[in-house]
**Q** 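The following block contains the structure, expressed as structure tokens.
For this chain, numbers begin at 1 and follow the sequence in order.
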Amino acid sequence: MADIPEMPELPEMDFDIPEIDFEMPEMPEMPELPEGVHNVNFDFDTYKKEGEAYLEKWSKEYEEKYGKEYKDKMKAWAKEFSKTNYSSMLYFGMFFLCKKDEKQADVNIYAEFIDQMYDRGIATGNILVYKEGEIIYQNSHGLRAINPNDSLTLSSQFRLASVSKQFTGMSIMKLKEAGKLEYDQKVKDILPDFPYDNITVRHLLNHVSGLADYGGLIYEYWKPEDSTKTYILGNDEIIKKFHKVSPELKFQPGEKWEYSNTGYLYLATIVEKISGQHFREFLKENIFDPLEMTNTVLYKYQVEADTNMPNRVFGYSVTLNQVDLILIDYNIVNDVRGCGGIYSTLEDLYKWNQALVKYTIISKTYLDEAWTPAKLNNGELTNYGFGWRIRSKNNEPKVVNHAGRWMGFTTFLHNEVEANSGFIILTNYGGYNFRDVLSCVSNIMKEKPYEMPKYKIVKGMAKRILSENVDKGIAYYLELKSDTTNYDVSEASINILGYQLMGKDYLDDALRIFKLNIDEHPNSAKPYDSYGDALLMKGDSINALKNFKRCFEMDSTLNYAYDKAVKLEAALKMN
């Protein structure tokens with residue numbers, strides 16, 4: 001046996017250990033070691049489970065009484081003790097002495113991050129982080145609604161956008177579990193009017209169906225009967241139009257992976273056809289109610305505030321002048337179900353992830369298949385299952401997640417299955433800095449350093465252009481462009497600013513910004529294409545053509561510039 005290290009001197013015990021209502025379990029008998037063997041792995045699980053409640057009762061009082069200094073000494077001693085064969089009993093007990101400080105340290109890091117974002121004027125929305133099944137941090141920061149402004153709370157109900165897809169996937173799994181469908185069943189066998197013979201339910205789940213995007217189809221083919229009316233379309237209207245147009249498949253099912261909202265729209269309609277229920281009721285009865293997700297609903301969209309849903313969050317954005325807020329919550333297809341439309345809260349989504357990792361909503365067999373990457377016809381694996389992106393490889397602990405983005409909302413649900421750890425981010429401010437928020441939360445969770453986002457130089461430019469003039473905006477850029485430590489001065493962000501100005505009919509200002517981008521990045525192709533777009537809108541077709549050609553000469557992969565040049569050149573020849 002290894003020598004046991006000397007235990008640090010105990011402080012005087014002037015309080016009683018709390019009474020407990022059960023007897024401490026006996027120490028399991030240590031097995032006899034063979035001759036020459038000096039270490040052995042011993043299973044203390046039974047003892048730990050019974051002793052855990054006891055340790056919880058006295059560790060908090062002991063810690064508060066004698067402080068962190070002594071506890072750190074005990075922790076160091078326990079580390080040495082762990083090298084002996086007596087270690088398991090005591091070392092796990094020392095964990096409780098340190099657990100509170102470790103949790104508080106996590107809380108402090110997240111809180112510091114939120115404070116820093118607040119100081120930079122960046123809303124972070126609603127965030128919840130959990131570790132080993134326990135919520136360690138949650139925060140709410142931002143606006144629930146505008147006109148009048150109302151702050152978010154932890155009970156705010158956000159539109160999940162594409163995070164809704166995992167609930168659609170689960171609904172299909174529930175029907176499979178009940179023996180009411182097969183994944184490899186043809187969609188046309190369920191929906192006879194479906195215009196394609198070779199697409200299966202699995203193809204829809206895995207985003208490998210080849211279906212055209214319904215958004216583009218509605219934009220092209222659907223016309224309002226009354227231009228003064230606000231229309232809100234759902235599955236029935238869209239499917240009717242989709243079947244009438246019957247667009248050609250983009251590729252044969254299983255040939256490639258391409259994200260498809262249309263596929264998940266049809267999955268919800270399949271659920272309705274087989275169950276005989278509206279998808280809203282099916283979700284409530286089979287998922288939300290059993291898991292006590294009382295603040296989660298497939299929402300019947302209405303434009304105005306809803307007295308039946310006072311915690312509903314609205315999507316909004318900051319206008320180009322960086323001062324005014326604008327509501328961007330409405331879209332004509334806001335009643336589509338299956339690919340989006342569910343509203344929920346941090347607490348309910350935490351319940352959902354817990355139900356998944358504990359297999360209380362459906363058995364492990366079904367989830368293992370749902371969390372298996374889809375395989376294409378050529379055998380290549382994708383990173384998508386049945387409504388989840390698969391972020392882990394076969395030999396790694398299972399990690400699944402999904403993002404959503406729609407009409408001001410950007411959301412993310414992350415689930416580390418074996419570790420029972422994860423996080424939830426729900427935002428509604430147009431997606432600004434969302435990637436930065438996501439990156440920081442992810443790094444903190446991994447105990448890695450996080451970097452605060454840089455200030456967007458284009459925001460200061462836009463503010464000055466709209467409140468003063470374009471010269472002031474350009475001067476602001478030239479003054480700060482060298483400070484790349486603190487400012488994002490990327491070519492892409494300047495290009496976006498140019499298009500934003502075009503969209504607001506500040507065409508001359510947009511031309512100046514695009515020209516600035518060319519001057520700053522003369523060896524980059526894309527600014528020439530953007531400058532060409534603005535010149536064409538201005539009516540300067542000759543110089544627009546020169547810039548489109550210049551773009552394609554510099555980067556032959558930018559086919560859109562080539563197509564513009566060909567069309568414009570043909571039009572000029574006709575004239």
Side-chain angles (χ1 to χ4, degrees), residues 159 161-162 164-165 168 187-188 191-197 199 204 207 209-251 258-273 278-280 298-306 314-317 319-320 326-343 404-409 430-431 499-500 502-505 507 533 536-537 539 560 563-564 567-568 570-571 574:
R159 177 185 279 273
S162 287
S164 302
K165 286 182 172 67
T168 305
V187 175
K188 195 172 182 64
L191 305 174
D193 293 333
F194 188 69
Y196 312 100
D197 296 327
I199 295 177
L204 300 182
H207 292 302
S209 68
L211 288 172
D213 176 55
Y214 72 76
L217 181 140
I218 291 298
Y219 178 81
E220 184 174 357
Y221 293 101
W222 189 87
K223 305 301 178 187
E225 296 178 359
D226 182 354
S227 60
T228 64
K229 180 180 177 182
T230 299
Y231 289 88
I232 305 172
L233 306 183
N235 288 32
D236 297 342
E237 296 92 341
I238 290 172
I239 287 176
K240 181 179 179 181
K241 181 62 69 175
F242 201 90
H243 289 177
K244 183 177 181 180
V245 175
S246 189
E248 183 179 344
L249 291 177
K250 301 173 77 172
F251 52 86
E258 185 174 294
Y259 197 79
S260 174
N261 284 314
T262 307
Y264 271 74
L265 174 154
Y266 272 107
L267 287 170
T269 299
I270 286 171
V271 172
E272 293 179 338
K273 179 65 181 294
H278 191 281
F279 192 46
R280 181 178 300 108
L298 174 62
Y299 186 55
K300 175 62 177 174
Y301 185 82
Q302 67 178 53
V303 175
E304 303 299 330
D306 188 347
F314 291 81
Y316 73 93
S317 179
T319 60
L320 192 57
I326 183 172
L327 199 66
I328 56 172
D329 195 80
Y330 165 78
N331 189 283
I332 193 172
V333 295
N334 266 358
D335 256 352
V336 172
R337 49 198 184 272
C339 60
I342 293 175
Y343 282 67
R405 184 166 186 170
W406 184 250
M407 306 315 296
F409 293 89
Y499 281 113
Q500 288 174 325
M502 283 177 62
K504 297 294 184 182
D505 294 327
L507 182 55
D533 285 339
L536 187 61
M537 182 176 285
Y560 54 80
D563 292 339
K564 291 175 188 178
K567 291 178 181 178
L568 182 54
M574 289 179 64

**Q** Hey, could you give me the OG/CD distance between Ser227 and Glu225, rounded to the nearest 0.5 Å?
**A**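 It comes to 11.5 Å.
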**Q** Tell me, do Leu204 and Ile270 make a side-chain contact under 4.5 Å, heavy atoms counted?
**A**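 In short, these two side chains touch, coming nearer than 4.5 Å.
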**Q** Distance check, rounded to the nearest 0.5 Å: Asp533 atom CG versus Tyr499 atom OH?
**A**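 If I round to the nearest 0.5 Å, the distance is 3.5 Å.
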**Q** Please report the shortest heavy-atom distance between His243 and Pro195, naming the atom on each side.
**A**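 His243 and Pro195 have their closest heavy atoms at CD2-CD, 3.4 Å.
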**Q** If you look at every heavy atom in Tyr343 and Tyr299, which pair is closest and at what distance?
**A**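 So the minimum-distance heavy-atom pair works out to CD1-CB, 3.5 Å.
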**Q** Could you tell me whether the side chain of Ile232 reaches within less than 4.5 Å of the side chain of Ile332, counting heavy atoms only?
**A**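 Counting from C-beta outward, Ile332 and Ile232 never come under 4.5 Å.
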**Q** Looking at Lys240 and Asp193, does any basic side-chain N land under 4.0 Å from a carboxylate oxygen?
**A**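 Looking at Asp193 together with Lys240, the answer is no, because their closest N to O distance does not fall below 4.0 Å.
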**Q** Compare every heavy atom of Glu258 with every heavy atom of Phe251, then report the nearest pair and how far apart it is.
**A**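 Heavy atoms only, the tightest pair is CE2-CB, 3.8 Å.
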**Q** Does Ile218 reach the side chain of Phe242, with side-chain heavy atoms less than 4.5 Å apart?
**A**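 Of all side-chain heavy-atom pairs linking Phe242 with Ile218, none is under 4.5 Å.
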**Q** Dump the intermediate steps for side-chain hydrogen bond (donor to acceptor under 3.5 Å, both in side chains) on Asn235 and Tyr214, then the final yes or no.
**A** CA-CA 10 Å; Asn235 288 32; Tyr214 72 76; over 6 Å; no
**Q** Is any NZ, NE, NH1 or NH2 atom of the basic residue among Asp213 and Lys250 found under 4.0 Å from an Asp or Glu carboxylate oxygen of the other?
**A**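 Salt bridge flag = no for Lys250 with Asp213.
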**Q** Do Lys300 and His278 come close enough that some side-chain heavy atom pair is under 4.5 Å?
**A**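 A side-chain contact is absent here, since even the closest heavy-atom pair is not under 4.5 Å.
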**Q** Distance check, rounded to the nearest 0.5 Å: Tyr266 atom OH versus Ser260 atom OG?
**A**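 With rounding to 0.5 Å, OH (Tyr266) is 10.0 Å from OG (Ser260).
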**Q** NZ of Lys504: more than 12 outside heavy atoms within 6.0 angstrom?
**A**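 Atom NZ in Lys504 is not packed in, count stays at 12 or less.
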**Q** Got a donor-acceptor contact below 3.5 angstrom from the Ser164 side chain to the Ile342 backbone?
**A**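 Side chain of Ser164 to backbone of Ile342, a donor-acceptor pair under 3.5 Å: yes, one is there.
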**Q** Tell me, do Leu233 and Asp335 make a side-chain contact under 4.5 Å, heavy atoms counted?
**A**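 No - every pair of side-chain heavy atoms lies 4.5 Å or more apart.
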**Q** Do Val333 and Trp406 have side-chain heavy atoms sitting under 4.5 Å apart?
**A**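 Heavy-atom side-chain distance check passes, below 4.5 Å.
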**Q** For Ala268 and Arg337, work out which heavy atoms get closest and say how close.
**A**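 Here Ala268 and Arg337 meet closest at CB-O, 3.5 Å.
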**Q** Could you tell me the separation between the OH atom of Tyr316 and the CD1 atom of Ile328, rounded to the nearest 0.5 Å?
**A**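 Answer rounded to 0.5 Å: 10.0 Å.
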**Q** Can you give me the closest heavy-atom contact between Lys165 and Tyr259, atom names plus distance?
**A**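 Distance-wise, the nearest heavy atoms are NZ-OH, 2.9 Å.
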**Q** Quick one: CD1 on Ile238 to CG on Leu217, what's the gap to the nearest 0.5 Å?
**A**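 Atom-to-atom, Ile238:CD1 and Leu217:CG are 9.0 Å apart.
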**Q** Just checking Tyr231: does its OH atom have more than 12 heavy atoms from other residues, nucleotides or ligands closer to it than 6.0 angstrom?
**A**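 Atom OH in Tyr231 is packed in, count exceeds 12.
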**Q** Under the 3.5 angstrom rule, does the side chain of Thr262 hit a backbone N or O of Ala212 as a donor-acceptor pair?
**A**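 Indeed, once roles are kept as given, a pair shorter than 3.5 Å links the two residues.
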**Q** Atom CD1 of Ile199 and atom NZ of Lys188: how far apart are they, to the nearest 0.5 Å?
**A**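 The CD1 atom of Ile199 sits 10.5 Å away from the NZ atom of Lys188.
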**Q** Measuring only between side-chain heavy atoms, which start at C-beta, is Asn261 closer than 4.5 Å to Ser162?
**A**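 Touching, per the 4.5 Å side-chain cut-off.
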**Q** Could you tell me if the side chain of Met537 sits less than 4.5 Å from the side chain of Met502, heavy atoms only?
**A**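 In contact.
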**Q** Restricting to non-hydrogen atoms, name the atom on Phe279 and the atom on Glu272 that form the minimum distance, rounded to 0.1 Å.
**A**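 The answer is N-OE2, 2.9 Å.
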